[in-house]
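Some notes on the structure that comes next.
Naming: A, B, ... by sequence-line order, numbering from 1 per chain.
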Amino acid sequence: MTPQVHYVLRLADTNLVLAQRLGEWVGHAPALEEDLGLANVALDLLGQARLLLAHAGRLEGEGRGEDELAYLREESEYFNLTLVEQPNGHFGDTVMRQFLFDAWQSGLYEALSRSQDATLAAIAAKGLKEAAYHLRYSGGWLVRLGDGTPESHARVERSLRELWPFTNELFDDDETDRAVVAAGIGVLPSALLPAWDVRVDETLARATLVRPAPVKFAWFGKQGRHSEHLGYLLAEMQSLHRAHPGAAW
Amino acid sequence: MSEAQKDWPLYEIFIRAKSGLDHKHVGSLHATDARMALEHARDLYTRRQEGVSIWAVRSTDIVASDPSESDAFFEPARDKVYRHPTFYDIPDEVKTL
């Protein structure tokens, strides 16, 4: 697998897995309005994931389309960030995971819209507007919960503490990253950190939350080594296609 | 937010379909605050590109006429046909009136 295919799959898988997680809220959100709000974010991410998967399939040139890539790869062949496969938990957990992610993806798409890979640049430019809205949505909720009641504050404070260790991976550079940066295609993860810090610190302050201390621990989802949760998610997501190959609406 | 409120207040939502048209009432929704009302309205009522502008108004801020007073309010206009501009001959050249 070339670094470019690997890189595009990382972006695609990260979106696909998070879309699947958010989809789990449908029918279960605290209010009907939030049901639709979360589903909207999920659909935006899924739309981007489909474009990215199709692009990865074309780059790979082995005849795999978006469905083969989404439904017929094993856990170790998925390269999503470990943060997005974490379970939804309560609504505050989901909001926190989403906020940490949106703050990252906004910066990523901004930089990626200048990629030498014209398809990737176009997907990023489209996604940038969607990511800006997602950040507004998750950031708004984070401030409401953090600066809300003592109960909601305590809950999202715990969410922050639990999800914080997974943010290291967002800014971790490896060989694939360096190769696509050298080719003018990709963005160096560590270069996204300063802008992310600004976004996160500003919203955490408004949410009266304290940024946790840095953690050394790192995850390796983007290299295909996942937490215990991804396998279950994929089993559910892929079961229909595996039972009825090629099933369509 | 100083005190917790169990039920989210109701907002009435008005959407402008495109520039130049009026905002039209499309429905209502629940939200904890004005910002969330706009976001929910965006997610609920503009999913299929229905609008370019959203107004959200707290339902409790709307002053409404009382149905039991509708006779007093609306009956007196019934016999005043001269208020309708139907006594003009419209020139053939005017198509859009």
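Here B:Glu39 contributes atom CD and A:Glu34 contributes atom CD; the two are 8.5 Å apart, rounded to the nearest 0.5 Å. Expressed to the nearest 0.5 Å, how far CG of B:Leu44 lies from CG of A:Leu32 amounts to 6.5 Å.
Using a 4.5 Å cut-off on side-chain heavy atoms (C-beta onward), A:Tyr133 and B:Asp43 make contact.
Around atom CZ of B:Phe14, more than 12 heavy atoms belonging to other residues, nucleotides or ligands sit under 6.0 Å away. The environment of B:Lys18 atom NZ is sparse: at most 12 non-hydrogen atoms of other residues, nucleotides or ligands sit within 6.0 angstrom. Atom CH2 of A:Trp164 has more than 12 neighbouring heavy atoms from other residues, nucleotides or ligands inside a 6.0 Å radius. For B:Arg42, the CZ atom sits in a packed shell: over 12 heavy atoms of surrounding residues, nucleotides or ligands are nearer than 6.0 Å. Annotation: B:Glu50, atom CD; neighbour count of heavy atoms from other residues, nucleotides and ligands within 6.0 Å is above 12.
Within the 3.5 Å criterion, the main-chain N or O of B:His40 finds no donor-acceptor partner in the side chain of A:Glu33.
For the residue pair A:Asn40 and B:Arg47, the shortest heavy atom distance occurs at OD1-NH1, 3.3 Å. Among all heavy-atom pairs drawn from A:Arg136 and B:Arg35, the shortest one is O-NH2, 2.6 Å.
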